[in-house]
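Structure, as C-alpha cells:
Chain identifiers are assigned alphabetically (A, B, ...) following the order of the sequence lines, protein sequences preceding nucleic acid strands; residue numbering begins at 1 within each chain. Computed from a predicted model, the values in this text were never measured in an experiment.
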Protein chains: 2
Amino acid sequence: MDKQTITIYDVAREANVSMATVSRVVNGNPNVKPATRQRVLKVIEELDYRPNAVARGLASKKTTTVGVIIPDVSNIFFASLARGIDDVATMYKYNIILANSDESGQKEVQVLNNLLAKQVDGLIYMGHTLSDDVRAKFSRSKTPVVLAGTIDPDEQVGSVNIDYKEASRFVVDKLVKDGNEKVAFISGSMDYSINRDYRLEGYKAALKENHLPYDESLIFATDYSYKAGESLWAKLTAIGATAAYVVDDELAVGVLNGMLDHGMSVPEDFQIITSNNTILTEMVRPKLTSISQPLYDMGAVAMRLLTKMMNKEEIEEKTILLPYDMIERNSTN
Amino acid sequence: MDKQTITIYDVAREANVSMATVSRVVNGNPNVKPATRQRVLKVIEELDYRPNAVARGLASKKTTTVGVIIPDVSNIFFASLARGIDDVATMYKYNIILANSDESGQKEVQVLNNLLAKQVDGLIYMGHTLSDDVRAKFSRSKTPVVLAGTIDPDEQVGSVNIDYKEASRFVVDKLVKDGNEKVAFISGSMDYSINRDYRLEGYKAALKENHLPYDESLIFATDYSYKAGESLWAKLTAIGATAAYVVDDELAVGVLNGMLDHGMSVPEDFQIITSNNTILTEMVRPKLTSISQPLYDMGAVAMRLLTKMMNKEEIEEKTILLPYDMIERNSTN
DNA sequence: AACAAAAATGCAAGCGTTTTTATGAAAATT
DNA sequence: AATTTTCATAAAAACGCTTGCATTTTTGTT
C-alpha cells in the first residue's frame, strides 16, 4: 500500500518545529540554529525519514533526473558512453532515465515526449543521426540537451565528439602511405551525416593529399553488423582492395574474419583499421589497429556539460571535440 | 524557467469542463460522454498539453518508473539483460532509472535509497551476489523486487535465472565424456554464491557421475576479465588440464588467446566451454562452444514478473528458471 | 409526464514538498 | 531603555494532478 508512511510533517511534529524548518535542514539551508538542526537530524534518523523526491520535484520544479536516449544499451559503443554519463551524473546527484530508441525516428519522438512529461532536468541524446523531428523538438523545448557521440550539423545544442573527419583522414593517410593504393571505405548508412559529411570527407581528403583518385566502387555502405562485414570479402577482393578503413568494430571484425576464413592473411594481404577501439579489437587475432575514441570520457564530458547548462552557468564552448588517438595493433604494418 | 506552462487547468478552461473531466479523458476513464471527450481531446491537441508526470506521481502515488540496479552497463552480459528489461518496461508504459553499482555494497545501498526516494514502483536488481545489507533493505521495503540473472539463496524476492547448477553439470559432463580427465573450473570469486553453490556444485556432480576425483588445483577463482584469462595458460598447462569450463566469456576469450599465443591449439590440445554465449564467442577463432543463457529473455521475463507484482496480481511462481542450451562451436570436439 | 436509475460532471480535499511572507525573539545600536 | 536590525522559525500558499463524493444531467420505465 504505502510505499512510505513518514513524511516531513511527522518529523516536524516529533522535533517540535514546523515543516519549513525540517525542509531547511534537509536542504542544507544555513538559516537554522545549530541546536535545532541537531534535534531535527536526530528525529530524521530515528524515524528513518527519507524525503519524497516526487513531492520535492513538484514543489521545486527540479527532478534531479536526466533523460538519456540511446540507440541500444546492449551495443558496447553506446554502453560505454552511458557508463561515463551515469558516473558523472551520480557525482552531481542526478539519476538517469535510460530509454532505448533503436534509431527509430518514431520511437525517439515518443520517448522524448515521455521524458519531457517526466520533467527531466536535461537530456542526453545518442544516435547515428539526428532527425529533423527530434531536432525541432529539441529547439522548441526549454530543456537543455547535449549530444554524445552524435553529430549535429547545426550545432544548435551542446555536443561532445572527436574530430571524425580529421581522424578518418589520418588513418586513411597512414594506409595509403603504407603502400595501399586501393583503400576501401566501409561504413554504415550514408544517410548518417557522420559517415557522409565527416568520415567520407576525411577519406577523400587523404586521397587527395596523396594524389590518388576517388573511386566509388571502393565505398561500401552497409549495416553496422558482424554479419554484414563477414560477407564483404568477395567484393573487396574482386575490386582489388588491399586495405580498408572501417567505421565500426563489429563490422570490422566481420570483415577480418571473412577475409581470414577465405584464405587471405591480415595484414599481409589486407590491412584493416577500425574506429572504436572497443575490447573487441583486442580479442580477435590478429588484433585490430583502431582509432581510439575516449568513449567513457565523451559520455562523462557530455554529462558534465549538461550539468553546467542545467545550472545555467556560462558555457564557453558547447561544441566539444575530444582528442582521438590511433592504437596500432596487428592488422596494419 | 518554465519547463512547461500549460496545465490541466488551462485545458479545463478552454474546453469548458472541470479539471476532473480532463483528468478522466487523459486517463481513459470511460465515464465521459463521447462528445466531451472529443472536445477535450481537441483542446489538448491545440494547446499541446502534456500531463506532468511528477504531479501525477504525487497524486496517484504511482510513478510508472522502475529502478534498475546494474553492476556495469558497459558489461555486455548485463547490458543484454537491461535491454530485455527496458523493452518490456516500455511495453507496459514504465520507464527505467538505471543505476550502476560496481558490485560495491556501499554504492548499492546508496543507490537503493536514492531509488526508493524517487518512489519507483518496482526494482530490478542484477549482480553477482546479493549482500545482506541489500537483502535486508529489500525485505523491509514494500516495493516489489525481482532479481535478474542473480541468485538469492533465500528466494524471498522474485528472480529469473537459468538452472546454473544443472547447466554447469551438463557441460562438464560433456567435456569428461569427450575424454578429458582433467577439466579445469575457471570462475570469478568464490564469494559469489552463484559460483560456489551452483556452478561448482554442478562441476562436482559431473565429476562424481563419471567417477573422477575432485582436485582443488583445477579450480581457478579469478577476476572476470580478459587479462586474467590471458595469463592462466601457464598454470593450466603445468597442472596438465586438457579442458576448461569457464563461467564468463571475456575470461574465456582470455584463456583461449593465452593458449593460442603460447603455441597450444584449440580444441586439439585444449578444449573450452564458456557460459554466456555473447557475441564474443562468435568473434574469436576458433569460435567458442558455450552454454547459452537467454539473456534478453531473462531481462524481459524479470520485468514482466515485476509488472505483475506491481499490479498486485497473483503470482504462481516467483522463482523462475528459464531453459538453457549449449551451442557447440569449434573450441570442443 | 413523473420518477427512478444511471451516466456525466463538478467540487474540493488531498499528495509531500518548497518557498514566500509574516512574525517573534534575540542581538545590536543609539 | 528604546529602537532598529538580524536571525530563527512558523504559517500558509503554491506545485499540477487524482479521486471520492456530491450534484446535475440524461436515459429508461411505467
Side-chain angles (χ1 to χ4, degrees), chain A residues 1-41 43-44 47-65 93 116-121, chain B residues 1-41 43-44 47-65 93 114 116-121 142:
Chain A
M1 322 293 119
D2 37 19
K3 296 183 169 173
Q4 181 187 354
T5 10
I6 37 164
T7 73
I8 197 173
Y9 185 76
D10 300 316
V11 176
R13 185 168 23 74
E14 288 297 311
N16 259 306
V17 293
S18 71
M19 293 166 35
T21 300
V22 178
S23 175
R24 286 191 199 94
V25 352
V26 167
N27 291 295
N29 184 314
N31 293 354
V32 182
K33 188 158 51 169
T36 3
R37 180 185 304 281
Q38 287 316 312
R39 188 149 39 92
V40 171
L41 249 20
V43 174
I44 287 180
L47 265 46
D48 191 25
Y49 166 68
R50 188 188 300 121
N52 180 323
V54 174
R56 233 173 173 174
L58 183 59
S60 69
K61 303 194 156 213
K62 294 205 169 117
T63 54
T64 61
T65 302
K93 311 284 186 203
L116 291 175
K118 293 239 161 135
Q119 313 298 114
V120 294
D121 295 337
Chain B
M1 314 290 120
D2 37 19
K3 297 180 169 177
Q4 180 187 357
T5 10
I6 39 166
T7 71
I8 197 173
Y9 186 75
D10 300 315
V11 176
R13 184 166 27 72
E14 289 298 311
N16 258 305
V17 295
S18 70
M19 292 167 35
T21 301
V22 178
S23 175
R24 287 192 194 96
V25 353
V26 167
N27 292 296
N29 184 316
N31 293 355
V32 181
K33 187 158 53 166
T36 10
R37 180 185 304 280
Q38 287 316 312
R39 187 150 39 93
V40 171
L41 249 20
V43 174
I44 288 180
L47 265 47
D48 192 24
Y49 165 69
R50 187 188 300 120
N52 180 322
V54 174
R56 237 176 164 161
L58 183 58
S60 69
K61 301 193 158 215
K62 292 202 170 119
T63 54
T64 61
T65 301
K93 312 283 185 202
N114 197 229
L116 291 175
K118 293 239 160 134
Q119 313 298 118
V120 293
D121 295 337
K142 296 285 297 173

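The CZ atom of B:Arg39 sits 13 Å away from the C1' atom of C:dG10 (whole-angstrom rounding). Residue B:Lys62 contributes atom NZ, which lies 8 Å from atom P of D:dT19 at whole-angstrom precision. Atom CG in B:Asn52 sits roughly 8 Å away from atom C1' in D:dC15 (whole-Å rounding). Per the geometry, CZ belonging to B:Arg56 stands 18 Å off C1' belonging to C:dG14, to the nearest Å. Distance B:Lys118 NZ to C:dC15 P: 23 Å, rounded to the nearest Å. The distance from atom CZ of A:Arg50 to atom P of C:dT17 is 11 Å, rounded to the nearest whole Å.
In this structure, A:Tyr9 does not reach the D:dA10 phosphate: none of its side-chain N or O atoms is under 4.0 Å from OP1 or OP2. Between A:Ser18 and the phosphate of D:dA10, there is a side-chain N or O to OP1/OP2 separation shorter than 4.0 Å. Taking side-chain N and O atoms only, B:Asn31 has no distance below 4.0 Å to OP1 or OP2 of C:dT9. In terms of phosphate contacts, B:Thr21 brings no side-chain nitrogen or oxygen within less than 4.0 Å of OP1 or OP2 of C:dT9. Considering only side-chain N and O atoms, B:Ser23 lies under 4.0 angstrom from the phosphate OP1 or OP2 of D:dT18.
Distances were taken from every side-chain heavy atom of B:Pro34 (C-beta onward) to each of C:dT17, C:dA8, C:dG16; the shortest belongs to C:dA8. Relative to the side chain of A:Thr36, the nucleotides D:dA8, D:dA12, C:dT17 differ in distance, and D:dA8 lies closest. When distances are taken from the side chain of B:Ile8 to each of C:dC15, C:dT9, D:dC17, the shortest belongs to D:dC17. Comparing atom distances between the A:Met19 side chain and each of C:dT20, C:dT18, D:dG20 picks out C:dT18 as nearest. Considering only side-chain atoms of A:Lys33, the nucleotide from D:dC15, C:dT17, D:dT9 that sits closest is D:dT9. Distance from the side chain of A:Ser60 is smallest for C:dT19 among the nucleotides C:dT19, D:dT18, C:dT17.
At a threshold of 4.0 angstrom between heavy atoms, the contacts of B:Asn16 are confined to the sugar-phosphate backbone, with no base atom among them. Contacts of B:Val26 with the nucleic acid, taken as non-hydrogen atoms under 4.0 Å apart, are absent. No engagement by A:Val54 is indicated, since no non-hydrogen atom pair under 4.0 Å with the nucleic acid exists.
Taking a pair as Watson-Crick or G-U wobble with both distances under 3.5 Å, the runs of three or more consecutive pairs in DNA chain C are C:1-30 with D:1-30.
Of the residues near DNA chain D, B:Arg24 and B:Leu58, the one whose nearest nucleotide (by heavy atom distance) lies more toward the 5' end is B:Leu58.
Side-chain atoms of B:Thr63 come within 3.5 Å of backbone atoms of B:Gln119 as a donor-acceptor pair (strictly under, hydrogens ignored).
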